[in-house]
Q: 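Supplied in structure tokens, the structure appears directly below.
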Amino acid sequence: MSNFLSAYSIQTWLESCPQGYLEGTEFGHAPSEKEPDLLFDSEALLEQAIQTTVQLVLGERCALAASSGLINLAPDHESKRFLATQTLDEARHVEIFTQRLYDLGVKKADLESTIDQFANPHLVAFAEVLLEKLDKGDFIAGVVGQNIVLEGMAFSVFEMMHASNTSLNPKFAHTLSGTIADERRHVGFGENRIGSLIKENPEKKPEVEQMQKDMSYHMLATFSRAFSQNTGAYAEGQRLAAERGADPKSSEWHGTNLSTATPEEMEAVLADTVLKEFKTRLGRIGLEYQSPANI
Ligand SMILES: [Fe+2]
Ligand SMILES: [Fe+2]
């Protein structure tokens with residue numbers, strides 16, 4: 001347990017996160033960085049940015065509810081302390097993405113109605129599957145659902161968004177890079193802590209695998225809706241990026257050039273990448289990935 005202890009201690013968290021990669025940032029980016037003008041010049045792009053950010057707030061609110069709920073369910077104190085750091089990370093993610101909505105012009109009084117208006121119903125269903133496990137007090141399912149499935153998804157989504165924003169929106173790209181570093185730590189905890197618990201409780205496997213299957217189904221439906229919605233905005237974003245001489249190399253992600261890819265191609269590379277990660281991570285903790293039914 002000693003390596004586990006030091007890698008996931010509050011001391012390590014303090015040194016690497018608030019005193020490390022977040023030092024000098026304001027809401028996750030350099031204080032001088034702003035959203036780029038081009039977003040405010042195009043209604044389609046602005047709406048797409050708001051819509052996307054709403055999903056990030058929703059996902060992070062779910063992670064906040066899940067990680068805080070897991071603290072009291074955890075069977076050991078090292079896990080409780082790690083989950084306390086994770087709870088603060090998730091609260092920070094909720095805050096920085098909410099702040100981004102304000103930066104994009106959403107009024108504070110309109111926050112909840114904007115979230116309701118743009119919420120992807122499949123993402124809401126995805127979160128419900130996980131939060132139901134927490135309501136039942138199921139620590140093992142909760143950690144797999146949160147630290148492997150939800151955060152495995154978030155990790156790849158953030159990475160893809162980071163690749164497509166590096167050139168034109170360094171403010172958002174920097175906000176994302178801090179969350180990517182956080183999610184990497186959360187996913188690592190899930191893998192390290194839960195493998196032994198699954199081994200000790202093999203009877204839990206079918207139920208946990210069913211949850212993963214249900215969450216994967218809702219996740220793929222979330223992607224499908226997200227990429228079929230704003231097709232005009234994707235084309236507009238790519239046109240503006242090309243016009244402004246954005247470096248196409250920076251938007252290369254898992255072999256797909258996001259500055260020229262169609263929304264279908266983007267959806268395919270994201271779904272492939274996330275599912276591949278799920279298979280690897282679930283395999284490491286002794287679970288077998290279950291393919292969801294076709295959407
Ligand atoms: Fe998060
Ligand atoms: Fe996380």
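What's counted below: heavy atoms across the whole structure, side chains too, no hydrogens, waters or symmetry copies. As the structure lists them, so they are numbered: ligands from 1, and atoms in each ligand from 1.
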Q: Would you mind reporting whether Gln210 and Gln290 have side-chain heavy atoms less than 4.5 Å apart?
A: no
Q: Residues in salt bridge (Lys or Arg N to Asp or Glu O under 4.0 Å) with Lys136, at least two apart?
A: Glu132
Q: Sort by chain and number the protein N/O/S atoms that are closer than 2.8 Å to the Fe ion (ligand 2), and list them.
A: Glu90 OE2, Glu151 OE2, Glu183 OE1, His186 ND1
Q: Hydrogens and angles aside, do Glu264 and Thr262 bring a side-chain donor and acceptor to less than 3.5 Å of each other?
A: yes
Q: In residues 149-157, what donor-acceptor pairs under 3.5 Å come from side-chain atoms, sequence neighbours left out?
A:
| residue | atom | partner | partner atom | Å |
| --- | --- | --- | --- | --- |
| Glu151 | OE1 | Gln86 | NE2 | 3.1 |
| Glu151 | OE1 | Asn147 | ND2 | 3.3 |
| Glu151 | OE2 | Gln86 | NE2 | 3.2 |
| Glu151 | OE2 | His186 | ND1 | 3.1 |

Q: Not counting sequence neighbours, list each pair that qualifies as a ring pair (Phe, Tyr, Trp, His ring centres under 6.0 Å) and has a residue in residues 230-260.
A: Phe227-Tyr234
Q: Is Arg193 paired with Glu78 through a side-chain N to carboxylate O contact shorter than 4.0 Å?
A: no
